[in-house]
Amino acid sequence: MTANALGAYASFVDALLVHAAREPNRPAIGTEAGLLTYGQLANAIFAATARCEQAGLRPGVPAALLLGDPVWQICMIAALYRLGVPSVSIALNHAPQCAALGIDTILHDGDAPAGHGGRIVKVEPDWFERAANQSAARGLRFDADELCRIAFSTGTTGQPKPIALSSRIVWDRLTTYSFRGGFAACERIYCGPQIGSQFGFAIAFAALIYGKMVCFADNMQTALPVMALYKVDLAIVSVFQLSAIAEFMQKKPGGLGALREIQAGGAMISNALLERARASLSCAIVATYASTEAGTVAFGAVEQLGALRSEGAVGFVVPWASVEICDESGRVLPPGRDGSVRIVTVGLAPRYEPGMKTVVATEPFLPGDYGRLLGNGMLVVAGRTTEIVNIGGIKLSPDRFEEVILQVPGVRDAAVLVMNKDAALPQVWAAIVADATVDVAEVSRRGGEVAGNVALSIVKRVEAIPRSGDGKILRDQLRQELLLATG
């Protein structure tokens, strides 16, 4: 890394600070607590940079952020970047893994995390108060392939996997975001994913490098008031959050007149959900397919996906990515044939290994998804290769069952999974969050209609369906919970 632009790569933090210098009163971040301008954000970043330096954080040595406030997260990520310190945003359960990953310092804003043998530093509100004589000089800049960020990917397993990002990868991810649907044309963007996730990070900083405003809410109950207050014109959310928005809008219509587009990913947008959303939302709804490792790979307006959406159509492959469908031997299959998804794309990120300094992805990414690629570039993802329901040679996504089950009156949430995946006759279970009046036999019958009138093996009531921060069902975790509950 260097102290000037020569030999270094584009800095997303410097791009943000350009807007602060030119238009300091421009709105940058909107939360329930109020509005932050670009000038105020820049001052907070400069103050946090000085505090991190005083705390002894060293260039090239990763540091972890355990922070709940999205504004603090943004400021600390930018401050560490300016010091040449790779950052990783963590949840409380990640703390015991940090030392093994070569992460010595955890910066937190709550109770001290347990299980970490390294340094724990408390971040206080005065870390973001800039002194009158505090320097605003340009910070260090990472080389193109130098590690600058670590992100945790969970997929549907719930097991955190560290992913390495270089400054080149981050820059490619953020700049290609402008090609997603109406992102380039919109100015006030609501960020649904948690800011600590790679998706939240990408949405927030993609908005900020282009001088847009990014908005956050503490939960889905306050999301609509925040979106209405700041006149949000683009909402980027999980499909699970889209469902919550549709539900709230049915109860209290109006307030989102400025909203031009919703981008939703992480699961299939079912016909039932789309019907509920369309009852109160007239804006464009765009399905997206992305991952921590590969970034955005496909997107498309739900109307363009047509009837194939119910089979798992997630969008059209983006120009900067290449998707292949392969058989069990790795041979590429022709369009329309089902197999394993394989991805090569700009901004592809490999697994992080302790001590890693240089980040280069040398292999295609296998997301573990099963699907097909059509001749027109549309990608249809039936589901995870390990979670596909195979009944008599007919392979079905759990989403297909869940869409039908959720149409049973009184069922509020549902998940379908194969319990004995290696057996010749797999058992297909459904877990439901439902009212007491719901007839379990009816749920079993309706779910069985998807597979040619073969009833579901077992239907279990649960208090909640475990989901990741972006709304994906954690099927491995649910499988273990169901097994423990049944002995």
Side-chain angles (χ1 to χ4, degrees), residues 29-35 68 70 181-183 186-195 197 199-200 203-204 207 213-288 301-303 309 399 402-403 405-415 432-435 437-438 462-473:
I29 302 175
T31 68
E32 294 165 42
L35 174 69
F183 189 97
C186 293
E187 291 296 326
R188 297 169 300 279
I189 298 168
Y190 174 74
C191 177
Q194 296 173 352
I195 186 63
S197 70
F199 298 105
I203 294 165
M213 179 182 182
V214 61
C215 303
F216 303 95
D218 290 342
N219 52 61
M220 289 311 299
Q221 282 74 22
T222 57
L224 265 65
V226 165
M227 291 165 66
L229 173 64
Y230 294 114
K231 295 181 172 56
V232 163
D233 50 4
L234 169 63
I236 305 179
V237 297
S238 70
V239 170
F240 190 63
Q241 291 171 327
L242 172 61
S243 179
I245 291 172
E247 181 180 345
F248 294 143
M249 288 292 289
Q250 283 182 320
K251 296 176 181 176
K252 191 176 180 181
L256 299 183
L259 190 61
R260 300 168 58 178
E261 180 173 300
I262 296 176
Q263 298 180 7
M268 182 180 75
I269 301 175
S270 67
N271 290 326
L273 172 55
L274 183 59
E275 185 176 328
R276 286 195 293 120
R278 282 289 176 238
S280 54
L281 294 166
S282 60
C283 64
I285 299 177
V286 175
T288 63
V302 289
E303 284 79 11
R309 195 185 66 259
D399 290 342
E402 291 154 7
E403 178 179 9
I405 292 171
L406 286 168
Q407 294 177 35
V408 176
V411 175
R412 299 189 299 277
D413 201 3
I432 60 171
V433 179
D435 299 338
T437 57
V438 170
V462 296
E463 292 295 322
I465 303 295
R467 293 179 180 272
S468 65
D470 57 358
K472 292 182 180 179
I473 296 172

Contact check, side chains of [X] and [Y], non-hydrogen atoms, under 4.5 Å:
X	Y	value
I245	M220	yes
V433	I465	yes
V286	V302	no
Y190	L234	no
L224	M249	yes
V226	E32	yes
L256	L281	yes
F240	D413	yes

Would you give the length of the straight line joining atom [atom1] of [X] to atom [atom2] of [Y], rounded to the nearest 0.5 angstrom?
X	Y	atom1	atom2	answer
I195	F216	CD1	CZ	4.0 Å
I236	Q241	CD1	CD	11.5 Å
L273	L242	CG	CG	4.5 Å

Is the backbone N or O of [Y] less than 3.5 Å from a side-chain atom of [X], with the two atoms forming a donor-acceptor pair by type?
X	Y	result
N219	Q221	yes
R309	I269	yes
R188	K231	yes
D233	L259	no

Enumerate the residue pairs fulfilling side chain to side chain donor-acceptor pair (under 3.5 Å) with a member in residues 246-257, sequence neighbours excluded, ordered by first and then second residue.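 Sorted pair list: E247-K251.
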If you count every heavy atom of other residues, nucleotides or ligands that lies below 6.0 Å from E275 atom CD, does the total exceed 12?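 Counting other residues, nucleotides and ligands, CD of E275 stays at 12 neighbours or fewer.
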Which pair of non-hydrogen atoms, one from [X] and one from [Y], has the smallest distance, and what is that distance?
X	Y	result
A228	G255	CB-O, 3.1 Å
M227	A235	CE-CB, 3.7 Å
G182	Q263	N-NE2, 4.0 Å
A414	L406	N-CD2, 3.8 Å
C191	V214	CB-CG2, 3.9 Å
I285	A277	CD1-CB, 4.0 Å

Just to verify, what does F248 make a ring pair (Phe, Tyr, Trp, His ring centres under 6.0 Å) with, not counting sequence neighbours?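 So F248 forms no ring pair (Phe, Tyr, Trp, His ring centres under 6.0 Å) with any residue.
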For C283 and I262: C-alpha separation, side-chain torsions, deciding distance, then whether side-chain contact (heavy atoms from CB on, under 4.5 Å) applies. CA-CA 7 Å; C283 64; I262 296 176; 3.8 Å; yes
Under the salt bridge (Lys or Arg N to Asp or Glu O under 4.0 Å) rule, what pairs show up with a residue in residues 259-273, not counting sequence neighbours?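 For residues 259-273: none.
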Do S243 and R276 meet the criterion of a side-chain donor-acceptor pair at a distance under 3.5 Å?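 Note: S243 and R276 side chains meet the donor-acceptor criterion.
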